[in-house]
Participant: 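I'd like to ask some things about the structure below.
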Amino acid sequence: MNDEDLAQAQRRHWQNTYTAHPSMYGEAPSTAAVHAAGAFRSAGARDVLELGAGHGRDALYLAREGFTVQAADFSAAGLQQLRAAALRQQVAERVTTTVHDVRVPLPLEDASVDAVFAHMLLCMALSTEEIHAAVHEGRRVLRPGGIFLYTVRHTGDAHYNSGIARGDDIFEHGGFAVHFFDRSLVEQLADGWNLDEVHAFEEGELPRRLWRITQSRPR
Ligand SMILES: C[S@@+](CC[C@H](N)C(=O)[O-])C[C@H]1O[C@@H](n2cnc3c(N)ncnc32)[C@H](O)[C@@H]1O
């Protein structure tokens, strides 16, 4: 399977998964989003771009916390659930959604957002080159001093080096392909940024082993 076939298969898989299991991650925010809200607030951020927002457990939490959120994901089904929940939670005026594949440039102006949040997006079925391009786009749309806070599964995760190998440290389990990060990739992605923190944590029952990385665009 080439990169493009894998990407299209993953988009269909996520679309089908959200359709079959609405709100699959639940309504409560991730611990990463709770941390991000504090970090963004301390930095004086007001508008946040979330990449890979899914059905919006974190985008809606950030909106409830008072941020303006632009939520992007390549699954229209996930974003439809996000919009319905935004209306129910009475935060629709602070949330916009865009169906967007992170492999293509963001439809946003340079230096137009205060913070970028991406929980388990950069570790999807993206090549190393596509991950670099996505982080470069994040930097382009961030204002100087803005924060890019992302999480990724790493090579200490139980699923690393198992399942179907798709190349470039991507392994597929149960139809979900994951690019497992090593420390050198984190450091390369922080080239030209301030690397503020790399924090190890776990999520879910496997558990997934993740890093939460905070890097900021120099002023
Ligand atoms: C592991 S889920 C995390 C969802 C959400 N961040 C959360 O934690 O609830 C990964 C998300 O990334 C999205 N995704 C995967 N590949 C993508 C791509 N190339 N472009 C945009 N979104 C993508 C999926 O649709 C899914 O919503």
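Ligands are counted one by one from 1 in listed order, and the atoms in each one are counted from 1 as well. Residue indices begin at 1 and follow the sequence shown.
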Participant: Given Asp114, which of Arg217, Arg46, Arg143 fulfils the salt bridge (charged side-chain N to carboxylate O under 4.0 Å, His left out) condition?
Facilitator: Arg143
Participant: For Arg103 and Glu4: C-alpha separation, side-chain torsions, deciding distance, then whether side-chain contact (heavy atoms from CB on, under 4.5 Å) applies.
Facilitator: CA-CA 10 Å; Arg103 296 177 305 140; Glu4 190 53 35; 3.0 Å; yes
Participant: So which protein residues pack against ligand 1 under 4.0 Å, heavy atoms counted?
Facilitator: Trp14, Tyr18, Tyr25, Glu50, Gly52, Ala53, Gly54, Arg57, Asp73, Phe74, Ser75, His100, Asp101, Val102, His119, Met120, Leu121, Met124, Leu126
Participant: Give a yes or no on whether a salt bridge exists between Glu203 and Arg212, defined as a side-chain N under 4.0 angstrom from a carboxylate O.
Facilitator: no
Participant: With sequence neighbours left out, write down each residue that passes side-chain hydrogen bond (donor to acceptor under 3.5 Å, both in side chains) with Ser42, or none if nothing qualifies.
Facilitator: none
Participant: Does the side chain of Thr96 pick up a donor-acceptor pair with the side chain of Gln70 at under 3.5 Å?
Facilitator: no
Participant: Check this for me: Asp110, atom CG, are more than 12 non-hydrogen atoms of other residues, nucleotides or ligands nearer than 6.0 Å?
Facilitator: yes
